[in-house]
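Quick note: numbers below take in every heavy atom, side chains included, and nothing from hydrogens, waters or symmetry partners. Residue numbering restarts at 1 for every chain, and letters A, B, ... go by the order of the sequence lines.
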Protein chains: 2
Amino acid sequence: MELLNNFSQIEIESPSDKIIRQIKGLISSGQLNPGDKLPSERKLCDKLGVGRTHLRDALKKLEFYGILKTLPQSGTVVAGIGIPALEGLISDMLSLHNHDFKSLVETRIILESQAARLAARNRTVDDLIELDNALLAHQKKVEDDQSAVEEDLLFHVKIAEASHNSVLKSLMLIITPDIMSYFNQHNICSDGKSAKAVEQHQAVVKYIEANDEDGAVRAVTDHLSDIIDYVNGIT
Amino acid sequence: MELLNNFSQIEIESPSDKIIRQIKGLISSGQLNPGDKLPSERKLCDKLGVGRTHLRDALKKLEFYGILKTLPQSGTVVAGIGIPALEGLISDMLSLHNHDFKSLVETRIILESQAARLAARNRTVDDLIELDNALLAHQKKVEDDQSAVEEDLLFHVKIAEASHNSVLKSLMLIITPDIMSYFNQHNICSDGKSAKAVEQHQAVVKYIEANDEDGAVRAVTDHLSDIIDYVNGIT
DNA sequence: TACCATAAATTGGTTGACCAATTAATAAGA
DNA sequence: TCTTATTAATTGGTCAACCAATTTATGGTA
């Protein structure tokens, strides 16, 4: 079955991504500048040789990333962030969700440990109750020998909520699916570690409750050290 | 002109966001479960009482966030991340790009300081050259008394690149437009600080060059301390 | 000439019909 | 009865026409 490893994921570039790449070209060649109003959608389709639906998809993506701003019944303008940064942002958004696992885990640890720090600083009594509930739910599943990845994940989300930093929570949620899909693809289920995980979770909560910022960071780092080791192993 | 301050931004929920909210309702009420195949797009539009275009927009967004997976000519399935996490993710993605400024800045500092740490650890000689170039470009603009926000930003991007962590760079780029739009809206241009900024940038590069991780973190934190103070002031 | 009301053209937004691929159902053959 | 072609229905993907709001052009009036 080792033959399967000789095949790699086929790169399929969606039509809208192709268009984004072309628009990037228009910017590089100076035909499009920050602050400019784009040509009308119809003229652009014509010029790029694609359907309006696809062009619209591309524009929507670019707007989501803050690169464009669409004014209803009026036109679409390029945000004033300057060409070099603009190009960087575009090439970057094309490769989002296609990150290497090491970067993903490294970043996850950064986000989670700092979330724990903020949680230790800002947590309310309500947050502690929520954390305890998540902890108990996780513990119960583990004791019943059921799959607890869901409850595990939810505990980490609760920490992010206790940090009272909405951006940090959002970013964590953004990278979570990527990490999980990698886990599923490579069957890194980390069985048998569940009981240990529960203990480590308890430690994290303890430090957050005591407002011990450095302790919380340390506890989270310890908890995730297994994954760190794994990542460093594959490099 | 103070009258203007009595008006707040009108909340406009896009059609696709409304649909996402409805789909969230379907999940909450148990009509949709992880692993399920969704009803066909046509039946869904009919049930939700919306056009297919809007429904498709919503599905595309949900797919971007890893909540759904669309199989061409076959169907759309709900990712197996479990209902509670799913709900959290959905409500969170609806409020993306609508974050409070304090969380944004707090997170930016976390990302940039840790990026600097990794840069100090992983930087190559090429990275140092790139950093120097960005530094000189910034310096030149400042000496000519021209607007240098673009070059300033670009310098920070170069640090992210020197960290050799693609995820960290992506996340930084994601929140950057939000921060900049807030800066523009509230006219926080921080004039006159440019010369100081150049010096601080030089310090950061020095620590990165010397592989001094803690020093790099400290230098970045110092550099951004002005914004920290501002944020703590408005709380 | 300057101004304003009106009409034509252009804009992004939306809709419904159409396409090819897939799946399910059906009918023919062993 | 089971297997296998063949057909019909359903799927997501795509396209072209249409809509209302906006902008621009036009022509008439002071």
Side-chain angles (χ1 to χ4, degrees), chain A residues 9-23 26-27 31-80 94 97 177, chain B residues 9-23 26-27 31-80 94 97 177:
Chain A
Q9 181 74 33
I10 299 174
E11 282 280 341
I12 304 171
E13 191 169 46
S14 74
S16 68
D17 280 356
K18 280 185 186 168
I19 296 174
I20 290 175
R21 210 175 285 281
Q22 290 196 56
I23 291 179
L26 291 182
I27 293 172
Q31 298 182 60
L32 235 55
N33 289 294
D36 280 2
K37 193 158 78 180
L38 271 78
S40 77
E41 293 186 356
R42 290 163 177 80
K43 285 175 185 170
L44 257 182
C45 318
D46 192 48
K47 177 156 187 158
L48 300 177
V50 292
R52 201 147 85 92
T53 310
H54 293 308
L55 176 72
R56 247 147 167 282
D57 278 357
L59 295 183
K60 215 159 232 178
K61 270 194 190 179
L62 289 166
E63 188 176 3
F64 176 83
Y65 280 90
I67 296 171
L68 298 179
K69 182 72 192 172
T70 295
L71 313 167
Q73 261 74 33
S74 169
T76 305
V77 291
V78 185
L94 288 174
H97 295 305
Chain B
Q9 180 74 32
I10 299 175
E11 281 281 341
I12 306 171
E13 190 169 48
S14 75
S16 67
D17 280 356
K18 280 184 186 168
I19 296 174
I20 290 175
R21 211 175 285 281
Q22 290 196 55
I23 291 180
L26 290 182
I27 293 172
Q31 298 182 59
L32 236 54
N33 288 295
D36 281 1
K37 193 158 77 179
L38 272 85
S40 78
E41 292 185 356
R42 296 180 230 292
K43 285 175 186 169
L44 256 183
C45 326
D46 190 49
K47 176 155 185 158
L48 301 177
V50 293
R52 199 146 87 93
T53 310
H54 293 308
L55 177 71
R56 267 172 137 266
D57 279 357
L59 296 182
K60 217 158 230 175
K61 270 195 190 178
L62 289 166
E63 189 177 3
F64 175 83
Y65 280 90
I67 296 171
L68 299 179
K69 182 74 190 171
T70 295
L71 312 168
Q73 263 72 33
S74 168
T76 306
V77 292
V78 184
L94 288 174
H97 294 308

Can you tell me how far apart [atom1] ([X]) and [atom2] ([Y]) are? Round to the nearest 0.5 Å.
X: Lys37(A); Y: Leu71(A); atom1: NZ; atom2: CG; result: 8.5 Å
X: Ser14(B); Y: Asp57(B); atom1: OG; atom2: CG; result: 8.0 Å
X: Leu94(B); Y: Lys61(B); atom1: CG; atom2: NZ; result: 7.5 Å
X: Lys60(B); Y: Lys60(A); atom1: NZ; atom2: NZ; result: 9.0 Å

Rounded to the nearest Å, what distance is computed from the [atom1] atom of residue [X] to the [atom2] atom of nucleotide [N]?
X: Glu63(B); N: dG13(D); atom1: CD; atom2: P; result: 8 Å
X: Leu44(B); N: dT10(D); atom1: CG; atom2: C1'; result: 15 Å
X: Leu55(B); N: dT14(C); atom1: CG; atom2: P; result: 14 Å
X: Leu59(A); N: dG13(C); atom1: CG; atom2: C1'; result: 13 Å
X: Arg42(A); N: dA16(D); atom1: CZ; atom2: P; result: 12 Å
X: Leu48(A); N: dC15(D); atom1: CG; atom2: P; result: 13 Å
X: Glu41(B); N: dT22(C); atom1: CD; atom2: P; result: 16 Å
X: Asp57(B); N: dG12(C); atom1: CG; atom2: P; result: 16 Å

Q.
Here's a test of your reading of the structure: between Pro72(A) and Arg52(B), which maps to the more 5' nucleotide of DNA chain D?
A.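 Nearer the 5' end of the strand: Arg52(B).
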Q: Indicate, with a heavy-atom threshold strictly under 4.0 Å, whether Ser40(B) touches base, sugar-phosphate, or nothing.
A: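 Sugar-phosphate contact only - Ser40(B) comes under 4.0 Å of backbone atoms but never of a base.
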(Q) So Lys37(B), base contact, sugar-phosphate only, or nothing? Heavy-atom distance under 4.0 Å. (A) nothing
[options]: which one has an atom nearest the side-chain heavy atoms of [X]?
X: His54(B); options: dG12(D), dT15(C), dG12(C); answer: dT15(C)
X: Gln73(B); options: dG12(D), dA21(D), dC15(D); answer: dG12(D)
X: Ser74(B); options: dT22(C), dT11(C), dG12(D); answer: dT22(C)
X: Pro15(B); options: dT14(C), dC18(C), dG13(C); answer: dT14(C)
X: Lys43(B); options: dG12(C), dG12(D), dT11(D); answer: dT11(D)

Q. Of the options Leu62(B), Val78(B), Ile67(B), which is the one that meets Ile23(B) in a side-chain contact (heavy atoms from CB on, under 4.5 Å)?
A.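 Single pass found, and it is Leu62(B).
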